[in-house]
Protein chains: 2
Amino acid sequence: MPNGRAPARRVTIIDVAKHAGVSTTAVSKVLRNAYGASPEMQAKVRAAIDELGYRPSAAARGMRGQTYTIGVMLPDIRNPFFADVLDGVNAQLGGTDYQVLIASACNDEPAEAHVTDAMIDRNMDGVILIAPLTSRKRLERIARTVPTVVVGRHGNSAVYDTVADDDFTGAGLVVAHLAELGHQRIAHIEHDETDPVRLTEMPNAIRAVGYRHAMQAHGLGDFVDIASTTYTQHGGYLGAKQLLARPQRPTAIFAGADIVAMGVLDALTEAGLSVPGDISVAGYDNTTFAAFAPISLTTVDQAGHQIGVNAARLLLDRIADDSRPATQVKLSPRLVTRRSTAAPGGGAAAARTASQDPVL
Amino acid sequence: MPNGRAPARRVTIIDVAKHAGVSTTAVSKVLRNAYGASPEMQAKVRAAIDELGYRPSAAARGMRGQTYTIGVMLPDIRNPFFADVLDGVNAQLGGTDYQVLIASACNDEPAEAHVTDAMIDRNMDGVILIAPLTSRKRLERIARTVPTVVVGRHGNSAVYDTVADDDFTGAGLVVAHLAELGHQRIAHIEHDETDPVRLTEMPNAIRAVGYRHAMQAHGLGDFVDIASTTYTQHGGYLGAKQLLARPQRPTAIFAGADIVAMGVLDALTEAGLSVPGDISVAGYDNTTFAAFAPISLTTVDQAGHQIGVNAARLLLDRIADDSRPATQVKLSPRLVTRRSTAAPGGGAAAARTASQDPVL
DNA sequence: ATGAAAGCGCTAACAA
DNA sequence: TTGTTAGCGCTTTCAT
């Protein structure tokens, strides 16, 4: 046998049953903690399982019942916010028999379809879709096929549960903070969105709406200034470049996500501008990156961990009881102020060398 | 039916066969591009598949043949280096029928065993294990069960392929660079390792060895100074604290990974020290974080993307031909110098303009 | 080149 | 409580 691979046939439920002197049904019941197995039987079967090193085949189980697999689809493995969500999911699913498998869809609708199909083909017991771009109709089709929790997307559905942050309020918190500091030219970098449904459901779109609304509310409607790119580091970089090139340079930039703020800081550094001396910068997500001392980014905490915990809990719930009504969980965001925001006009810049400060 | 879930039975190969007026065998052959299906038959079957929206059940396939699933286990989803590797894997597997599913094992040996078992239970066609802690023996057992590529771990095996970076050389590049700049007190933060086998196989251990060796080679043997923590941001933070507390403070810190360097910068910022004015910092991996302008970290590029591409290629190879001898791919690292390293004594700090300083 | 039929390992309905 | 048995949807001999 080449490389000595697979010399031994896998131990099956039949082997266990024989070894324990019981039926395969009995073994199956013990495996699933199902009703109808006496303590003695359980003991015998478990002993046999251990002795033989038996592990149930997920493929075979999938043919009839569950696969004990939960799929998590995320748009971008580089965005540290999703790691927080995953931590929450894993924390909730840790003690259970479920295995979490992740697929990255790269912010691309066809790729998302590919991933969700793959999860359905593999008979996963449930899926958690993080900030999916997929159409409403398709999401509902998925949810009718497999228990589904949609994370980070607004809009109720009768067939899937959702967990989201109150992005409208969150964006308002940032604008209020910057306005209080005395900023007027508060610009925003958004993830470009044209699809009418997504404009009402995606966090990026809601944050942009929240930004506009808050600007109006603070009497800053005339200063609304938006760059439309993507929620990636590169998108933030491009967005900042655009904003800096405009006739009226902003004194503060509200990036729609921490990863976007990272790109903004990249561009500002390249342009020789200091933060917050020349320009204040705020993000959204409160990722570990924002807490990173050399950056110290003001941001909005949307409790990624809690989002993950809630998503996993809802999913387990739904797997157990498919008939309960769809649930929407909305978490309240919280502003975290750090050193990347300050009053405009170089208040903080004075502390730094001013050799290259541009004329404002 | 609750929520209207699963009202329609899934389309099976039998439905397709009936619709196309052929046998299920024929459909199966077309699905697998197997020998023995005429062009007309292929056309008929494909038409039926499209019309019915048929998708093969991975569970059923797994019972007999392949699952078209590749598992990737990684130790820490927060480390951006692994995202580079994944990109490489996906780039290589993109056009194929294989689906990549990721599981995070959180730098923990029992958790790794859990994950690899889960992958085997799910009949995955192949697995890529990134920097596994798992014992040699167990790795070989896994590899005898399923085609396996081990990434980022040295040490040959006859049953699994490996892809790794020349960590010994890479560490030497960093030390040489710092020594050339005039540093003597070059400290190193390593991932604590006690297992004798892992001491000879894990990249962290090899880097530590490379560091010691290079220090000796540059006549700096007396200045070897190591903090043993973990390859995480927090580990870097703790390591830097330890080093700063020692009687002779280093003038340069070589962190074993970029993510560790991030923790170092965190601690240095907290301590009010400037980089590279007070202390030079270097990392390893050349992640996107290192290129981030406000940080601008000197580091070693080990070409994560290429590592991923090679791993995926080797795996496909082995799935196709189990009998070929095990292969070791070793990639050459390359030093990338950026602004986080400079001559000791603050010489370079004066030359830097305020605008280039990390955001502080 | 094509199809009939066995069976992969498990779960669930049913019988005892 | 326990065991018998019929499939789940595929792939794979083996006939034709």
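Each chain gets a letter, A, B and so on, in the order its sequence line appears, and its residues count up from 1. Owing to the predicted nature of the structure, the values given are computational and were not obtained by experimental measurement.
Here B:S38 reaches the OP1 or OP2 of C:dT2: one of its side-chain N or O atoms lies under 4.0 Å away. Residue B:R32 has a polar side-chain atom (N or O) positioned under 4.0 Å from OP1 or OP2 of D:dT12. In terms of phosphate contacts, B:S57 brings no side-chain nitrogen or oxygen within less than 4.0 Å of OP1 or OP2 of D:dG9. Residue B:Y54 places at least one side-chain N or O under 4.0 Å from the OP1 or OP2 atom of D:dC10. Between D:dT11 and B:S28, a contact under 4.0 Å exists linking OP1 or OP2 to a side-chain N or O. For D:dT11, the OP1/OP2 oxygens have a side-chain nitrogen or oxygen of B:R61 closer than 4.0 Å.
Atom OH in A:Y35 sits roughly 16 Å away from atom P in C:dA13 (whole-Å rounding). Between the CZ atom of B:R122 and the P atom of C:dG9 there is a distance of 17 Å, given to the nearest Å. The distance between atom NZ of B:K29 and atom P of D:dG9, rounded to the nearest whole Å, is 22 Å. Between the CD1 atom of B:I49 and the C1' atom of D:dG9 there is a distance of 14 Å, rounded to whole Å. Going from atom CD1 of B:I13 over to atom P of D:dG9 covers 11 Å, rounded to whole Å. Summarising the geometry, the separation between CE on A:M63 and P on C:dG9 is reported as 12 Å, rounded to the nearest angstrom. Rounded to a whole Å, the CG atom of A:N123 is 13 Å from the C1' atom of C:dT11. Here C:dA12 presents its P atom at 8 Å from CD of A:Q66, a figure rounded to the nearest Å.
A salt bridge links B:R10 and A:D121; the closest N-O separation between the charged side-chain nitrogens and carboxylate oxygens is under 4.0 Å. A salt bridge links A:R318 to A:D322: one of the charged nitrogens lies within less than 4.0 Å of a carboxylate oxygen.
Contacts of A:V22 with the nucleic acid, taken as non-hydrogen atoms under 4.0 Å apart, involve only primed sugar atoms and P, OP1 or OP2. A:A59 comes within 4.0 angstrom of nothing in the nucleic acid, heavy atoms only. As judged by a 4.0 angstrom heavy-atom cut-off over every strand, B:T25 is placed among the base-contacting residues.
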Are B:N123 and B:T67 close enough, and set up right, to give a side-chain hydrogen bond (donor to acceptor under 3.5 Å, both in side chains), and what steps lead you there? CA-CA 7 Å; B:N123 282 29; B:T67 53; over 6 Å; no
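Between A:P39 and A:T24, it is A:P39 whose nearest contact on DNA chain D lies nearer the 5' terminus. Between B:G21 and B:R64, the residue anchored nearer the 5' end of DNA chain C, judged by the nucleotide with its closest heavy atom, is B:G21.
Remark: the A:Y98 side chain and the A:Q66 side chain contain an N/O donor-acceptor pair separated by less than 3.5 Å.
Between the A:S323 side chain and the A:D321 main chain, no donor and acceptor come within less than 3.5 Å of each other.
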